[in-house]
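Note that the structure is predicted; figures quoted are calculated from it, not measured. Remember, it's 1-based here, ligands and their atoms both numbered in the order they're listed. Sequential numbering from 1 along the given sequence is applied to the chain's residues.
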Amino acid sequence: MKILVINGPNMNLLGLREPDIYGRQTYEDLVETLKKKADELGVEISFMQSNHEGDLVDAIQQAYPDTDGIIINPAAYTHTSVAILDAVKAVGIPTVEVHMSDVKSRDEFRQVSYIRQACIATFMGKGFGSYIEALELLVSRA
Ligand code: DQA
């Protein structure tokens, strides 16, 4: 089973950005944590992060047809991007939306998620745990 983890803008600055919200662990720590979990579960995992909307669309398109599941934190593009929603719909790969923070209890403008309607589930507010739950869900469905 092949899983792709996609992270949007500013996720490369984990550890530095707003540590009260996102914690002190880095993007590299996130990658290491998920690699370990994927090993335990016996699945292949790969990663991409970009600050650019079109690159995220390209990564979703390129995931087809060799990827069995996508875990995506579109970050700020969650709340704005029809293009990322359409890409997920286009490829039809089971996709889980994740957020480090509990977006539900944050700003009004974070209450909209375009991508959510194309996702099989959403996990939020659990830091790296949101990604781990997404991985477990995708593996359990295989
Ligand atoms: C985020 C929440 C978004 O609202 C924000 O723009 C991010 C990160 C999260 O992981 O909690 O960049 O997706």
Side-chain angles (χ1 to χ4, degrees), residues 1-41 43-64 66-142:
M1 180 176 199
K2 286 190 187 175
I3 305 286
L4 172 63
V5 182
I6 298 176
N7 275 282
N10 302 305
M11 296 306 291
N12 55 318
L13 295 186
L14 279 180
L16 173 72
R17 70 180 295 209
E18 301 179 88
D20 292 352
I21 298 174
Y22 300 112
R24 299 247 172 228
Q25 288 187 290
T26 64
Y27 176 73
E28 289 68 32
D29 294 334
L30 174 64
V31 168
E32 280 319 303
T33 300
L34 291 175
K35 275 186 182 164
K36 230 172 110 189
K37 187 71 192 177
D39 267 4
E40 280 169 31
L41 295 169
V43 295
E44 264 182 65
I45 196 162
S46 58
F47 299 87
M48 101 56 90
Q49 187 277 329
S50 176
N51 296 323
H52 306 281
E53 186 175 12
D55 288 349
L56 299 171
V57 171
D58 286 344
I60 293 163
Q61 290 188 9
Q62 284 157 16
Y64 184 83
D66 292 325
T67 305
D68 304 299
I70 294 174
I71 297 169
I72 185 165
N73 183 348
Y77 290 133
T78 306
H79 318 300
T80 62
S81 181
V82 176
I84 292 173
L85 165 66
D86 285 349
V88 171
K89 283 185 170 172
V91 297
I93 297 168
T95 297
V96 181
E97 173 192 8
V98 297
H99 301 284
M100 295 278 294
S101 67
D102 182 17
V103 285
K104 262 197 332 289
S105 62
R106 297 184 64 195
D107 320 78
E108 192 61 39
F109 64 83
R110 294 183 207 275
Q111 302 312 310
V112 172
S113 166
Y114 283 90
I115 198 171
R116 195 157 303 160
Q117 63 169 273
C119 291
I120 60 169
T122 300
F123 295 104
M124 62 173 76
K126 296 179 175 171
F128 292 0
S130 300
Y131 294 78
I132 288 173
E133 288 189 14
L135 184 55
E136 287 172 342
L137 176 67
L138 287 168
V139 172
S140 75
R141 294 172 87 252

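- In this structure, the side chain of Glu32 does not engage the main chain of Tyr27 through any donor-acceptor pair within 3.5 Å.
- Taken from CG in Asp102 to CZ in Arg110, the straight-line distance is 12.0 Å, to the nearest 0.5 Å.
- Looking only at heavy atoms of the protein, atom 11 (O) of ligand 1 is closest to Ser101 OG, 2.6 Å.
- Protein heavy atom closest to atom 1 (C) of ligand 1, with residue, atom name and distance, is His99 ND1, 3.7 Å.
- Distances below 4.0 Å separate heavy atoms of Val103 from the following atoms of ligand 1: 2 (C), 4 (O).
- Side-chain polar atoms of Asn51 and Gln49 form a donor-acceptor pair below 3.5 angstrom.
- Heavy-atom proximity to Tyr22, at under 4.0 Å, picks out these atoms of ligand 1: 2 (C), 5 (C), 7 (C), 8 (C), 9 (C), 11 (O).
- A donor-acceptor pair is defined here as one N or O able to donate and one able to accept, closer than 3.5 Å; no such pair exists between the side chain of Ser81 and the backbone of Thr78.
- If you check which protein heavy atom lies closest to atom 5 (C) of ligand 1, you get Arg110 NH1, 3.3 Å.
- Look at Asn73 and you'll find a heavy atom under 4.0 Å from some atom of ligand 1.
- Screening His99, Glu136, Met100 for a side chain to side chain contact (heavy atoms under 4.5 Å, CB included) with Tyr131, the sole residue that qualifies is Met100.
- Taking every heavy atom of Arg17 and a limit of under 4.0 angstrom, the matching atoms of ligand 1 come to 7 (C), 8 (C), 12 (O).
- The proximity of Val98 to ligand 1, defined as any non-hydrogen pair under 4.0 Å, does not occur for either the backbone or the side chain.
- Side-chain atoms of Asp29 come within 3.5 Å of backbone N or O of Thr26 as a donor-acceptor pair.
- No more than 12 heavy-atom neighbours from other residues, nucleotides or ligands sit within 6.0 angstrom of CZ on Arg141.
- Nearest-residue assignment for atom 4 (O) of ligand 1 (options His79, Glu18, Met11; heavy-atom criterion): His79.
- Applying the 4.0 Å criterion to heavy atoms of Met100 picks out, from ligand 1, the atoms 9 (C), 10 (O), 11 (O).
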